[in-house]
Amino acid sequence: MNNDARAIETVISAYTAADIVEETTQRREIETQETEFKPNLFKRILAVVWDCANKSPEERALVNKLDVGILIYVILSFTMQVIDTANVSNAYVSGMQDDLQLYGNELNYFSTALYIGYLVGSVPSQFVLYKVRPSVWIPTCNLAWSICVFCLAAVKNAWGIYIIRFIIGLTEAVCYPAFAMLIGSWYKPDELAKRMVLYDASWAIGNICSGYIQAGVYSSMNGLHGLPGWKWQFIVDGLISAPVAILGFYALPDFPSTTRAFWLKPQHRELAISRMQDVGRKGPQRMTRQRFFAIFKKFNVYPFLLTYSIYLTNGSNYMNLWLDSLGTFSVEMVNILPTIGYAIAFIGAFIYAVVSDYTRWRWQCLLVAISFSLIGNVMLAIWEIPYGAKFFAYLLPNFGSPVWGLLLTWSTEMFQDDTELRGMLPALGNTLWYGFTAFVPILVFPMQYAPRFLVGYWVSSAFLITMAIGVVTMVIGNKIEVKRRGLVLNKYGLAVEKEDLESAMFVVSSERSVGSVYVEESERVTVKAGEKD
């Protein structure tokens with residue numbers, strides 16, 4: 001028995017030693033790639049547009065996997081979320097108004113019901129995320145609202161829409177802040193704005209798709225099996241949304257320190273953790289009542305919430321009502337023409353993101369975006385302008401629409417020492433924004449005055465000016481906070497605790513020194529095993 005025990009111990013020791021050697025070799029290969037990799041001029045130029053071009057093979061493999069997993073899923077999911085919320089507006093001008101006899105302010109009330117759902121669900125959903133993995137909770141909510149979209153095809157009156165829209169808002173509430181938190185937990189500063197803004201700009205893709213889906217469904221399926229085209233739109237939207245929800249169970253990787261994603265190799269998980277340590281971005285921690293209320297002791301939280309929550313309209317929101325009032329366009333064109341603005345929004349968003357990541361101009365790009373929205377809204381407020389100028393005025397604010405994506409990129413870096421705060425901030429912002437937009441549009445954009453809203457666009461312009469003031473306040477407040485806490489800037493220009501900066505440097509040097517010890521120890525164990533044999 002003693003001999004057998006020694007033999008088993010010898011085998012285990014040899015096996016462990018082999019694992020250590022293999023792990024150390026892999027780690028050294030990664031370090032060698034990181035230090036020796038020097039991209040050529042073409043790759044450095046290409047990296048301005050897409051950052052993966054000038055990264056080492058190992059890091060490029062990781063970022064590419066993250067883009068295929070996280071980025072593609074959040075874009076698809078948020079696109080479907082937009083389609084599933086914008087389809088009521090498309091259905092309204094495609095026959096639903098007459099079929100359900102909606103001749104009052106019901107269209108605004110449909111939005112209000114949705115926003116109340118968001119208002120109720122935003123913050124509680126984030127607390128659920130601290131108990132349930134994002135890779136489980138988010139797709140489950142996605143699947144729930146997909147089922148609700150199917151149910152819209154069966155409504156008989158406005159009250160049915162109110163109830164279902166409330167549930168859709170309740171289940172969709174988790175996505176926007178949770179996606180922002182996840183993206184901020186995996187990507188470095190030269191990668192962050194592009195992913196955050198592309199994800200945020202998915203609303204443009206959703207609105208484009210919604211217009212074309214409704215136009216296509218109305219022209220090809222209207223009257224099919226006795227159902228009007230607007231009902232078929234809800235059915236088709238639900239059929240598209242459900243598979244995206246199922247994809248989320250496999251695509252979302254949670255956080256670098258907690259991921260169970262099968263598509264990430266162990267060395268990629270280690271690299272992901274070290275990348276965030278290098279940046280100074282903290283991992284998830286337990287959310288307590290004390291930590292939650294401590295959020296409100298941070299000065300910059302308030303200008304952030306102000307800037308986030310009073311963005312009222314991007315111009316294209318009511319463009320279809322203006323086109324419909326002209327009486328010169330078909331139903332299909334009324335749905336399709338506003339998509340020009342959404343295409344502008346998506347292209348503009350990527351331009352902002354590239355510039356922001358390359359220059360690290362976060363708040364500067366944000367102010368430029370707000371300026372474009374302001375100019376367009378002022379033109380619409382004046383109203384008595386030529387037809388071409390008015391068409392341009394409806395489209396121009398779209399070039400300034402990536403306000404939230406830029407704001408979330410900046411706040412991710414400003415509050416990078418608190419993962420839960422990064423998720424809670426947009427959740428609180430959504431709560432305020434949906435509460436704000438649940439009643440303000442009804443007051444300043446009443447449907448009986450459509451498409452000329454005498455007050456609405458002036459109010460929107462005033463809010464945009466207030467947003468710009470909020471951004472400047474955040475800049476000043478951040479400088480005060482950095483000085484008050486005695487923070488230092490790391491190599492990315494981000495403020496971190498001095499101890500964290502020293503710790504990150506120690507971890508890198510320790511890993512290199514420990515690697516050699518592992519090799520020596522493994523060689524010693526292997527020799528002993530050989531002697532026993």
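Note that the coordinates shown come from a computational prediction; the quantities given were computed from them, not determined experimentally.
Atom CZ of Phe329 has more than 12 neighbouring heavy atoms from other residues, nucleotides or ligands inside a 6.0 Å radius. Within 6.0 Å of OH in Tyr449 there are 12 or fewer heavy atoms belonging to other residues, nucleotides or ligands. By the 6.0 Å contact criterion, CH2 on Trp433 is enclosed, its count of non-hydrogen atoms from other residues, nucleotides or ligands being greater than 12. Counting heavy-atom neighbours within 6.0 Å of Trp361 CH2, excluding the residue itself, gives a total of 12 or less.
Of the N and O atoms on the side chains of Tyr115 and Asn430, not one donor lies less than 3.5 Å from an acceptor on the other residue. Donor-acceptor pairing under 3.5 Å is recorded for the side chains of Glu172 and Tyr118.
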Before you tell me yes or no, could you show the steps for Phe350 and Val197 under side-chain contact (heavy atoms from CB on, under 4.5 Å), namely the whole-Å CA-CA distance, both residues' side-chain angles and the distance that decides it to 0.1 Å? CA-CA 7 Å; Phe350 188 72; Val197 171; over 6 Å; no
side-chain contact (heavy atoms from CB on, under 4.5 Å) between Phe453 and Trp458, intermediate numbers included: CA-CA 9 Å; Phe453 300 105; Trp458 283 121; over 6 Å; no
Verdict with supporting geometry, Lys188 and Glu413, salt bridge (Lys or Arg N to Asp or Glu O under 4.0 Å): CA-CA 10 Å; Lys188 295 172 69 173; Glu413 296 178 342; over 6 Å; no
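Using a distance-only test at 3.5 Å, with no hydrogens or angles considered, no donor-acceptor pair links the side chain of Asn377 to the main chain of Ser460. Here the side chain of Asp357 pairs a donor or acceptor atom with the backbone of Ala193 at under 3.5 angstrom. At least one donor-acceptor pair closer than 3.5 Å links the side chain of Asn157 to the backbone N or O of Gly160.
No cation-pi contact links Arg422 to Trp410, judged by a cut-off of 6.0 Å to the six-membered ring centre and 45° from its axis.
Look at Asp51 and Arg195 and you find a salt bridge, because one of the NZ, NE, NH1 or NH2 atoms lies within 4.0 Å of a carboxylate O, short of that distance. Taking a cutoff of 4.0 Å between a charged side-chain nitrogen and a carboxylate oxygen, Arg291 and Asp418 qualify as a salt bridge.
Aromatic ring centres of Phe78 and Phe179: separated by at least 6.0 Å. When ring centroids are compared, Tyr387 and Phe392 stay outside the 6.0 Å threshold. Aromatic rings of Trp404 and Tyr308 (six-membered ring for Trp) have centroids within the 6.0 Å cut-off, being under it.
Contact between Asp200 and Gly405 at its shortest, heavy atoms only, is OD2-N, 3.3 Å. When every heavy atom of Leu192 is checked against every heavy atom of Gly184, the shortest pair comes out as CD1-CA, 4.0 Å. The nearest pair of heavy atoms linking Pro189 to Arg362 is O-NH2, 2.9 Å. Heavy-atom minimum distance, Gly400 versus Tyr311: O-OH, 4.1 Å. Nearest approach of Ser185 to Thr419, heavy atoms of both residues: OG-CG2, 4.1 Å. For the pair Gly121 and Ala173, the tightest heavy-atom approach, listed with the atom from each and the gap, is C-CB, 3.6 Å.
With Asp417 as reference, Arg485 is the one residue of Arg281, Lys282, Arg485 to meet the salt bridge (Lys or Arg N to Asp or Glu O under 4.0 Å) rule.
Looking at residues two or more places apart in sequence or on another chain, you find a side-chain contact (heavy atoms from CB on, under 4.5 Å) between Leu443 and Phe439.
Two residues are said to be in side-chain contact when any heavy atoms from C-beta on lie closer than 4.5 Å; Met181 and Thr412 fail this criterion.
Within the structure, ring-ring contact (aromatic ring centres under 6.0 Å, His included) contacts touching residues 145-175 (residues at least two apart or in different chains) are Phe110-Tyr162, Trp159-Tyr162.
Using the six-membered ring where Trp is involved, Trp230 and Phe234 have ring planes that are perpendicular, over 60° apart on the 30 and 60° scheme. Ring pair Phe296/Tyr302 is tilted by interplanar angle, where 30° to 60° counts as tilted. Between Phe436 and Phe463, the ring planes lie perpendicular to each other; the angle is over 60°, past the 30° to 60° tilted range.
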